[in-house]
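Computed from a predicted structure; not experimentally measured. Numbers here simply count residues along the sequence, with the first being 1.
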Amino acid sequence: QVQLVESGGGLVQAGGSLRLSCAASGRTFSSYAMAWFRQAPGKEREFVAAINWTGSSTYYADSVKGRFTISRDNAKNTGYLQMNSLKPEDTAVYYCAARRAAFYSLSQYNYDYWGQGTQVTVSS
């Protein structure tokens, strides 16, 4: 069993930066792929970024490519999402998720563990 806890959300002005963290319990996290998703009010949850178990492969949604960076530190059982050049349309609750597989999926339905979410609000 893996438990995920996000942190690092908050209120930031457009153009600013935030770094989200996803702390995982359980020794198996380092062998799982992980991803970040987000859900804005009135919208469906959407894929943001994903990373494989070693960190050697990543994938980004077009909307965040070049602005966001996903990474992980398996020694610390923690994943990260560095968000730069934030825009008001990035406002959402951000969730980290882990998948019992070495490689990532772009579909939320293929993830087995979820955090509770952290709010990111970008003001214009």
Side-chain angles (χ1 to χ4, degrees):
Q1 189 75 4
V2 173
Q3 291 185 326
L4 305 174
V5 179
E6 302 98 334
S7 61
L11 173 64
V12 64
Q13 288 188 333
S17 298
L18 283 174
R19 188 175 83 153
L20 305 184
S21 297
C22 176
S25 65
R27 291 174 290 178
T28 53
F29 174 75
S30 60
S31 61
Y32 293 170
M34 68 162 290
W36 290 91
F37 291 82
R38 67 186 181 186
Q39 187 167 20
K43 294 187 177 181
E44 294 187 354
R45 189 176 297 184
E46 65 174 2
F47 170 83
V48 175
I51 189 167
N52 72 336
W53 71 290
T54 63
S56 61
S57 178
T58 59
Y59 193 88
Y60 297 92
D62 287 344
S63 59
V64 306
K65 199 173 296 183
R67 299 188 298 122
F68 290 12
T69 302
I70 188 172
S71 62
R72 65 191 299 163
D73 185 340
N74 286 340
K76 295 182 178 180
N77 265 11
T78 303
Y80 304 98
L81 185 67
Q82 177 67 43
M83 305 186 295
N84 298 330
S85 302
L86 282 161
K87 304 175 181 180
E89 51 263 45
D90 294 318
T91 295
V93 177
Y94 283 71
Y95 299 89
C96 70
R99 180 170 187 245
R100 288 194 301 263
F103 209 71
Y104 49 76
S105 169
L106 305 188
S107 171
Q108 61 177 310
Y109 301 106
N110 291 331
Y111 286 84
D112 304 292
Y113 306 103
W114 290 84
Q116 82 289 349
T118 186
Q119 177 71 47
V120 171
T121 303
V122 184
S123 63
S124 57

request  = Look up atom CG in Asp90 and atom OG in Ser63, then write down how far apart they are to the nearest 0.5 Å.
outcome  = 7.0 Å
inquiry  = With clusters defined by side-chain heavy atoms of hydrophobic residues (ILVMFWY) lying less than 4.5 Å apart, directly or transitively, does Val64 cluster with Val12?
reply    = yes
query = When rounded to the nearest 0.5 angstrom, what distance separates CD in Gln13 from OG in Ser123?
reply = 5.0 Å
message = Nearest 0.5 Å, please: how far is OH in Tyr111 from OG in Ser107?
response = 8.5 Å
key: Atom of Ser30, atom of Arg72 and distance for their closest heavy-atom approach   = CA-NH2, 4.0 Å
request  = Find out whether Val48 and Leu81 are in side-chain contact, i.e. whether some heavy atom of one side chain is under 4.5 Å from a heavy atom of the other.
outcome  = yes
query = So which heavy atom on Ala24 is nearest to which on Leu4, and how close?
reply = CB-CD2, 3.6 Å
key: Atom pair CG (Asn77) and CZ (Phe29), whose distance is rounded to the nearest 0.5 Å   = 6.5 Å
Spacing of CE belonging to Met34 relative to CD1 belonging to Ile70, to within rounding of 0.5 Å = 5.0 Å
inquiry  = Any heavy-atom pair between the side chains of Leu20 and Glu6 that's under 4.5 Å?
reply    = no
Closest non-hydrogen atom pair between Ala23 and Thr78, with its separation = CA-OG1, 4.2 Å
Shortest non-hydrogen contact from Ser124 toward Ala14 = CA-CB, 4.4 Å
Exercise: do Ser57 and Asn52 side chains pair donor with acceptor under 3.5 Å = no
message = Any heavy-atom pair between the side chains of Val120 and Leu18 that's under 4.5 Å?
response = yes
message = With a 6.0 Å cut-off (strictly less than), is the heavy-atom count around NZ of Lys43, excluding the residue itself, greater than 12?
response = no
task = Apply the test side chain to side chain contact (heavy atoms under 4.5 Å, CB included) to residues Cys96 and Phe37: give CA-CA distance (whole Å), side-chain angles for both, the deciding distance (0.1 Å), then the verdict.
result = CA-CA 6 Å; Cys96 70; Phe37 291 82; over 6 Å; no
request  = Using the side chain to side chain contact (heavy atoms under 4.5 Å, CB included) rule, take Asn84 and Thr69 through it: C-alpha gap first, then chi angles, then the decisive distance, then the call.
outcome  = CA-CA 8 Å; Asn84 298 330; Thr69 302; 5.6 Å; no
Pair Asp112 + Arg99, salt bridge at N-O below 4.0 Å = no
task = Check the pair Phe47 / Tyr59 against side chain to side chain contact (heavy atoms under 4.5 Å, CB included), numbers first and verdict last.
result = CA-CA 10 Å; Phe47 170 83; Tyr59 193 88; 3.7 Å; yes
ask   = Considering all heavy atoms of both residues, which atom of Ala102 and which atom of Ala33 are nearest to each other, and what is their separation?
value = O-CB, 3.8 Å
message = Taking Tyr94 as the starting point, is it possible to reach Tyr80 by hopping between hydrophobic residues whose side chains are less than 4.5 Å apart?
response = no
remark   = Here the gap from Gln119 atom CD to Thr91 atom OG1, rounded to the nearest 0.5 Å, amounts to 7.5 Å
query = Got Tyr32 and Tyr113 here, is their nearest side-chain heavy-atom distance under 4.5 Å?
reply = yes
query = Is atom CD of Gln3 surrounded by more than 12 heavy atoms (other residues, nucleotides or ligands) closer than 6.0 Å?
reply = no
key: Arg38, Arg45, Gln108 screened by side-chain contact (heavy atoms from CB on, under 4.5 Å) with Tyr95, the one that passes   = Arg45
inquiry  = For Ile51 versus Tyr104, what's the shortest heavy-atom pair and its separation?
reply    = C-CD2, 3.6 Å
message = Please determine whether side chain to side chain contact (heavy atoms under 4.5 Å, CB included) holds for the pair Trp36 and Cys22, giving the CA-CA distance in whole Å, both sets of side-chain angles, and the decisive distance to 0.1 Å.
response = CA-CA 9 Å; Trp36 290 91; Cys22 176; 3.7 Å; yes
ask   = So does Tyr60 have more than 12 non-hydrogen atoms from other groups sitting under 6.0 Å from OH?
value = yes
